[in-house]
Amino acid sequence: MLQPDRIIRSTCPYCGVGCQVDLQIKDDHIFRVEAPFDAAPNFGRLCAKGRFGMDYTTHPSRLRQPLIRKDIGEKPRKPVGIEGFRPATWDEALDLAAEKLTGIIQAHGSDAVGTFCSAKATNEDNYLFQKFVRGVLGTNNVDHCARLCHAASVAGLSIALGSSAMSNSIAEMKDLDVFIVTGSNTSETHPVISTFLRQAVVQGGAKLIVIDPRGIEMTEFAHLWLRQKPGTDVAVFQAMAHVIVEENLYEKLFIEERTEGFETYIETLRDYTPEWAETISGVPADLIRQAARTYAEAETAAIYWGMGISQSVHGTDNTLSLANLALLTGHIGRPGTGLNPLRGQNNVQGCSDSGGLPDVYPGYQAVDDPEVRAKFEKDWGVALNPEAGLTTMEMVDAAESGAIRGYYVMGENPMMSEPDLRHARHVVEQLDFVLMQDIFLNETGEYADIILPAASFAEKDGTFTNSDRRVQRIRTALPIPGEARPDWEIIAELAQRVETRLGRERSAGFTFEHPSEIWDEMARLTPPFQGIGYTRLAREGGVHWPCPSPDHPGTPYLFADTFPRGKGQFTPLQFRASEELPDAQYPFILSTGRVLYHWHGGTMTRRSQLDHIYPEATVEIHPEDARTLGVREHARVRVRSRRGQIEVKALVSERSPQGTVFIPFHFAEAAANELTNDVRDPYAKIPDYKVSAVTIEVI
Ligand SMILES: Nc1nc2c(c(=O)[nH]1)N[C@H]1C(S)=C(S)[C@@H](COP(=O)(O)OP(=O)(O)OC[C@H]3O[C@@H](n4cnc5c(=O)[nH]c(N)nc54)[C@H](O)[C@@H]3O)O[C@H]1N2
Ligand SMILES: Nc1nc2c(c(=O)[nH]1)N[C@H]1C(S)=C(S)[C@@H](COP(=O)(O)OP(=O)(O)OC[C@H]3O[C@@H](n4cnc5c(=O)[nH]c(N)nc54)[C@H](O)[C@@H]3O)O[C@H]1N2
Ligand code: SF4
Ligand SMILES: [Mo]
């Protein structure tokens, strides 16, 4: 067997499970990945991406030098490949980037810059990014992919509880009696969590209730499967609440002590009978009753959910309907019980925690709170903008109207991940300046003026925070390709150059020798992190925040005594239909999402051996629909919406319900987001990626 030159403990760079990995390195390549059996959260388990998907790090197309667009300044900008750029020195690229950013600020004001930080990068990278944006550029226009992801979960949980993180740790799953999993294709998107869940069911005897329109793998071992029509969740969950109240299954003591708004809320439930919900959702009333009883009567139960709940024009209502159920039954605040939005990206929890959001500094401290602001102003030595910035989709609107003139994008690919790409591209074409920082030239990079080459997770030190709030280390395992540099170093260099150009007398502070110093600065300013540092992480492997002091053990489950807002809040809800429903012209519902082997825009996984396993774009069609359309298995079909069209291979399968087709959004040559609609949830501003209308024809 090939022997490694070295073995480095790190954290998987893909999903929010945050599996611990031992990278085995030979000749500066990751040639084998193993998982330590004694380390949380995965205890020796890995999925296909963790095992086989790390080879992107040494792909020949990694960016090795800063690049400057040859036709810089020409408008409208057009997408160009690598041949449209020329290599530059770091000094030239950084100076030009600083000059362009300063130019925009001086001509149009700080809020004319829009920035996107990265749930792929470390906490330290993101802390420094938002410090640069707020403290130097002078705007709070900083956001990241969480806006396209769990924004509605965050909005709903903030209303109900005052906090938005997952309530439980993965380790608590084994002790649960009942799981509700809804809108989460867990076995493909959080595969290692799904193995613990499956074990709790098949070995531990727990009951699993899956509430999902699609026949995902989880339904195979579910006790109950409620197959609702897409976009009808509020009807189903309100009807479950109706049953729990009608049958007196609610937890009176808990409601009295820990919640408010109960009386008003139950008044509004009267008409939401299971029979009514059946007419809306197609789920048999009897199944709704069974699900309500199973959940309410459990000793310990928890709700886990994903994008099927969040990515909806009613995403906030969907989340609130889940929170109402947990508050009714008291299934929250004890070990195992709670409300768990499964976080997607490896460090999406951490990117938000580190202040990568337009309205809060690190640790969710509000930018419009004068006391908080004063604390950061004092520490950073600069005056800070008191107004919350724009969210991702609002920045797109502002770019369209001309209020935003330039983008700085670190480790995101909006030209694949935003809805209605034709529109998104049109907006980017009009910008005065686009600065990209990535490990590859992705579809957004093709629009950039300057591209700064970043180190990948395998070439730098830092921390990621996984879905259950566990802060864990990544460690340098490979040499950095060419002249690429870690994100935090690039940001620090750029920040100092912008400060000089803006004529700042003193620096907000961007001189760090090592990411641990950045962590220490963030922790000093962020009470829930104060007990966590690199020395402790080396000893313990990972620590769950909140962890306010070095002798604090960390917090695996939340809300034991109280909710951040005090009492849990019941919210009356009304069912409303989706925005773009099928009609004669566009007769199918399009649902988009993921497959096991690929990651989002495919930038990483399509440069990995994983691409050999799932090499092309597909559309999943129900056999009845395929018959009516004359579509055979593996036929090529054209899928069209009001906004665009793509050509894909048909997979005929009963996984998708009749009338709904499913397309993964990983393939640039057939990007699902050409078809999607940018209608949004009014509170969370998240687009509806799960319901739009399309038509299909055989090619
Ligand atoms: N392999 C892989 N894993 C990933 C990712 C990846 O790109 N690839 N991305 C990561 C990220 S960032 C995220 S956010 C997570 C997402 O993880 P998931 O949320 O599990 O991913 P999706 O594929 O979007 O699946 C959403 C589920 O919602 C269901 N659904 C569709 N419409 C509705 C509806 O109206 N109501 C309900 N209740 N359900 C509905 C779908 O049938 C599907 O089962 O995955 C993470 N993990
Ligand atoms: N149709 C449809 N669209 C969707 C969704 C959907 O379900 N359906 N889901 C939405 C969701 S939940 C999400 S989270 C978004 C994700 O959307 P994005 O975040 O835009 O997608 P990614 O492809 O993950 O982009 C990550 C980028 O980071 C780069 N990268 C990796 N490591 C590093 C690093 O260390 N440093 C730097 N600087 N860059 C790095 C990668 O090369 C890649 O270009 O997509 C959203 N879009
Ligand atoms: S479950 Fe997630 S974190 Fe674990 S190996 Fe798979 S992609 Fe990586
Ligand atoms: Mo996500």
Side-chain angles (χ1 to χ4, degrees), residues 143 145-160 164 182-184 211-214 228-239 268 272 277 280-283 305-324 341 344 390-397 400 414 417-424 571-583 586-594 641-644 657 659-663 665 672-694:
D143 205 359
C145 67
R147 193 65 53 187
L148 309 176
C149 186
H150 268 302
S153 312
V154 170
L157 290 178
S158 307
I159 295 169
S164 60
T182 178
S184 159
I211 306 178
D212 199 297
R214 197 158 164 244
Q228 79 279 41
K229 292 186 187 137
T232 62
D233 294 87
V234 168
V236 174
F237 294 120
Q238 288 281 88
T268 65
Y272 292 119
I280 304 273
S281 67
V283 181
W305 72 90
M307 293 301 105
I309 291 296
S310 184
Q311 289 174 338
S312 157
V313 271
H314 311 309
T316 306
D317 288 356
N318 290 345
T319 307
L320 285 165
S321 70
L322 297 175
N324 285 340
L390 301 177
T391 62
T392 294
M393 297 306 293
E394 287 170 337
M395 288 197 262
V396 178
D397 296 344
E400 183 169 30
S417 55
E418 282 179 3
D420 192 358
L421 285 177
R422 189 170 58 176
H423 176 248
T571 311
L573 299 167
Q574 254 185 347
F575 171 74
R576 287 169 296 141
S578 298
E579 199 78 18
E580 191 183 60
L581 289 168
D583 55 19
Y586 297 97
F588 293 97
I589 292 180
L590 167 68
S591 178
T592 66
R594 298 153 169 83
S641 78
R642 290 185 173 80
R643 295 154 294 276
T660 298
V661 298
F662 171 80
I663 303 182
F665 74 108
N673 280 324
E674 299 289 350
L675 309 173
T676 50
N677 188 345
D678 80 350
V679 286
R680 304 165 207 168
D681 176 285
Y683 312 100
K685 315 279 162 71
I686 187 169
D688 195 327
Y689 289 116
K690 299 296 187 248
V691 180
S692 55
V694 294

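Being a predicted model, the structure only gives us computed values, none of them experimental. Counting from 1, the numbers follow the sequence of the chain as shown.
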Over all atoms of both residues, closest heavy-atom pair of A277 and A239 = CB-CB, 3.5 Å
So, T316 side chain and A155 main chain: donor-acceptor pair closer than 3.5 Å or not?
-> no
Closest heavy-atom contact between D212 and S184?
-> OD2-N, 3.7 Å
Exam field: side chain Y272 to backbone V234, donor-acceptor pair closer than 3.5 Å | no
Okay, side chain of N677, backbone of S692: is any donor-acceptor separation there less than 3.5 Å?
-> no
If we only count heavy atoms from C-beta on, is the L590 to S641 side-chain gap below 4.5 Å?
-> no
T392 side, atom OG1; D397 side, atom CG - distance, nearest 0.5 Å | 11.0 Å
Kindly give the heavy-atom pair with the smallest separation between L581 and A693, and that separation in Å.
-> O-CB, 3.8 Å
Side chains of V691 and E580: closer than 4.5 Å at any heavy-atom pair?
-> no
Test E400 against H423 for side-chain hydrogen bond (donor to acceptor under 3.5 Å, both in side chains), laying out the working first.
-> CA-CA 9 Å; E400 183 169 30; H423 176 248; 3.0 Å; yes
Test item: Y689 side-chain N/O and S417 main-chain N/O as donor-acceptor pair under 3.5 Å | yes
Is there side-chain contact between S312 and K690, with heavy atoms separated by less than 4.5 Å?
-> no
About how many Å separate CG of L421 and CZ of R643, when rounded to the nearest 0.5 Å?
-> 11.0 Å
Pairing residues for V283 by the side chain to side chain contact (heavy atoms under 4.5 Å, CB included) criterion, not counting sequence neighbours = L226, Q228, V236, S281, L287, I288
pair H314-L573: side-chain heavy atoms closer than 4.5 Å | no
Please report the shortest heavy-atom distance between R147 and P687, naming the atom on each side.
-> O-CD, 4.3 Å
Side-chain contact, heavy-atom cut-off 4.5 Å: T182 with F237?
-> yes
Between the side chain of D678 and the main-chain N/O of D420, is any donor-acceptor distance below 3.5 Å?
-> no
Give the minimum heavy-atom separation between C149 and S310, together with the two atoms involved.
-> O-OG, 2.6 Å
Can you measure from OH (Y683) to CG (L320) and round to the nearest 0.5 angstrom?
-> 9.0 Å
Which atoms form the tightest heavy-atom contact between T592 and A672, and what is the distance?
-> CG2-CB, 4.0 Å
Can you list the residues that meet the ring pair (Phe, Tyr, Trp, His ring centres under 6.0 Å) rule with F665, with sequence neighbours excluded?
-> H600
T676 versus N673, side-chain donor and acceptor atoms under 3.5 Å | yes
Salt-bridge present (D143, K685; N to O < 4.0 Å) | no
Go through the structure and list residues passing ring pair (Phe, Tyr, Trp, His ring centres under 6.0 Å) with F662, not counting sequence neighbours.
-> none
In Å, rounded to the nearest 0.5 Å, how long is the span from NZ of K229 to CD1 of I280?
-> 8.5 Å
Step through the shown structure and confirm whether more than 12 heavy atoms of other residues, nucleotides or ligands are within 6.0 Å of CZ on F575.
-> yes
Check: V679 main-chain N/O paired with D688 side-chain donor or acceptor under 3.5 Å | no
Roughly how far apart are H150 NE2 and L157 CG, rounded to 0.5 Å?
-> 9.5 Å
P341 vs W305 side-chain heavy atoms within contact, under 4.5 Å | yes
To the nearest 0.5 Å, what is the distance between OG (S153) and CD1 (I309)?
-> 8.0 Å
